[in-house]
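Report on one structure; see the data block that follows.
Here is the naming used below: chain letters follow the sequence lines, and residue numbers restart at 1 for every chain. What's counted below: heavy atoms across the whole structure, side chains too, no hydrogens, waters or symmetry copies. Quick caveat, the model's predicted, so the values are computed rather than measured.
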2 protein chains.
Amino acid sequence: MTATDKSSVPVNFDRRYSDAVTTEKPGLRERTRQAVRTQLMAVAWGLFVEQGYDATTVDEIAAAVGMSQRSFFRYFSSKEDVVLVKFEAVGAMLADVLANRPAEEDAWTALRRAFDVIVGPTERDPRHGLVLLRITSQAPALRARVLEEQTNWQELLAPLVARRMQQPAGGDLGPTALTAAALACLVVANAAWLRVDGTEPLAGFLDDAMRTVRPGAF
Amino acid sequence: MTATDKSSVPVNFDRRYSDAVTTEKPGLRERTRQAVRTQLMAVAWGLFVEQGYDATTVDEIAAAVGMSQRSFFRYFSSKEDVVLVKFEAVGAMLADVLANRPAEEDAWTALRRAFDVIVGPTERDPRHGLVLLRITSQAPALRARVLEEQTNWQELLAPLVARRMQQPAGGDLGPTALTAAALACLVVANAAWLRVDGTEPLAGFLDDAMRTVRPGAF
DNA sequence: GACGACTTGTCAGTCGCTGTCATGTTTGAC
DNA sequence: GTCAAACATGACAGCGACTGACAAGTCGTC
């Protein structure tokens, strides 16, 4: 996925924030840490689905994996974070796909194709995506945070979009705006898809939305 | 920004029908309540500007107006609410202006013109808008909530946008998407404007953003 | 085997927020 | 004018998210 590092960082030196993708040689400690994190997420997710996000306390989650509440917060910076990490990964994937789209493809089409990273899985099995959307839409604070996370995607994608647009003037506002518009379409499409409980393909909604905003594109 | 409410209605309009209809008018109690609310907002705002949103506790705000913390929460449902009410008013104003734009104006242009409700005041005096943006961007949870509030605007505006678009098919997804895209442009423009500290006109940023998303419009 | 890096639990405390109860104070009916 | 219902407030207790500090382990390395 990311071509960042495999050995550039000293083995055990302040790894607290580094957990983007599962690397292969992070050392035993880091791997157990990842394992705990994963387990924590799984358990938390189960509880969220079962009884709702708000109704689930951090104490419960911690107890369910047999650790103290304090330790939970050593793995996740907040309760919201447990959900948000799922979205952070998506941002990186979007950027990756977008960067590898054919150079001659126009920005809007490339964005649409990048979104296939999200659309694809929902067609193979919509359940996971639906659960994710349902949980995030039930708690207002969480919903808000997800929205904010998507503006982070914006910053990731905008530079890649800029490369596909020929307008050196005007700063990077144009590319950012176009990216933001595309992401807005994604959000709208997701909402529509959730509203019909995934019974109609997400791709259709997304196409509708993006074609309406830019008629004539793809 | 300042919500000069329905002051167009004569002061003692309901006086003569007061016993015939259930009073929708302020009434003394409701007016003192509004007064307290306003004072609370003013004081809170001062503290936010002075020492930051996160660094200001609800206890402080309450003490500054001489009431208990408990009573603060009888006027605002949350600390965030003190800031958010400023945005709720804007949504209504946008809808109002949009509804009154000439019917033959296309949707995108009408949206741009509606945004003048926001842009206008920033040209007369950018300070208020800048402070608002600065406060809301410094606290992540708050920023997220503002973003969410803007999706509420979306629901307000989308039906009005729909009327300006000729495509009965496809449900209301198209209008919603277009509205969301326009709002995304607004957000992006605001961010750019904040980044230059208001030294360049917001209108320019907004025009750039919206023209990039829909070339050829207005 | 000892040292240092790392992890954990416990405890105490802050802050946002809520329910409840016991006081006034206001309002509206009689 | 009186009185009861309606409302506003403060005080108190409590929950849940989150944090800092400390002490007690665990584990890899030299």
[N] [atom2] sits how many Å from [X] [atom1], rounded?
X       : N      : atom1 : atom2 : result
B/Asp81 : C/dT18 : CG    : P     : 11 Å
A/Arg31 : C/dT7  : CZ    : P     : 14 Å
B/Phe72 : D/dT9  : CZ    : P     : 14 Å
B/Lys79 : C/dC17 : NZ    : P     : 8 Å
B/Arg37 : D/dT9  : CZ    : P     : 13 Å
A/Arg33 : C/dT8  : CZ    : C1'   : 12 Å
A/Arg70 : D/dA23 : CZ    : P     : 16 Å
A/Phe76 : D/dT19 : CZ    : P     : 14 Å

(message) Against the six-membered ring of A/Phe48, is A/Lys79 placed for a cation-pi contact (under 6.0 Å from the centre, within 45° of the normal)?
(response) no

(request) Give one of base, sugar-phosphate or nothing for B/Tyr75, where a contact means two heavy atoms less than 4.0 Å apart. (result) sugar-phosphate

(request) Just call it for A/Arg74: base, sugar-phosphate, or nothing, with non-hydrogen atoms closer than 4.0 Å on any strand. (result) base

(message) If you only use heavy atoms from C-beta on, which nucleotide in D/dC18, D/dC12, C/dC11 is closest to the side chain of A/Phe73?
(response) D/dC18

(message) If the condition is salt bridge (charged side-chain N to carboxylate O under 4.0 Å, His left out), which residues does B/Asp96 pass it with, not counting sequence neighbours?
(response) none

(message) List the residues meeting side chain to side chain contact (heavy atoms under 4.5 Å, CB included) with A/Pro121, not counting sequence neighbours, and say none if there are none.
(response) A/Arg124

(message) To the nearest 0.5 Å, what is the distance between CZ on B/Arg195 and CG on B/Asn190?
(response) 11.0 Å

(message) As an exercise, state the distance from OG of B/Ser78 to CZ of B/Phe72, rounded to the nearest 0.5 Å.
(response) 7.5 Å

(message) Checking A/Asn152 against A/Glu149: is there a side-chain donor and acceptor pair closer than 3.5 Å?
(response) yes

(message) Here's a test for you: under side chain to side chain contact (heavy atoms under 4.5 Å, CB included), which of A/Ile61, A/Leu40, A/Thr56, A/Val83 qualifies with A/Trp45?
(response) A/Val83

(request) Pull out every residue in residues 53-69 of chain B that has a heavy atom closer than 4.0 Å to any atom of DNA chain C, ordered by number, or say none. (result) B/Thr56, B/Thr57, B/Val58, B/Gln69

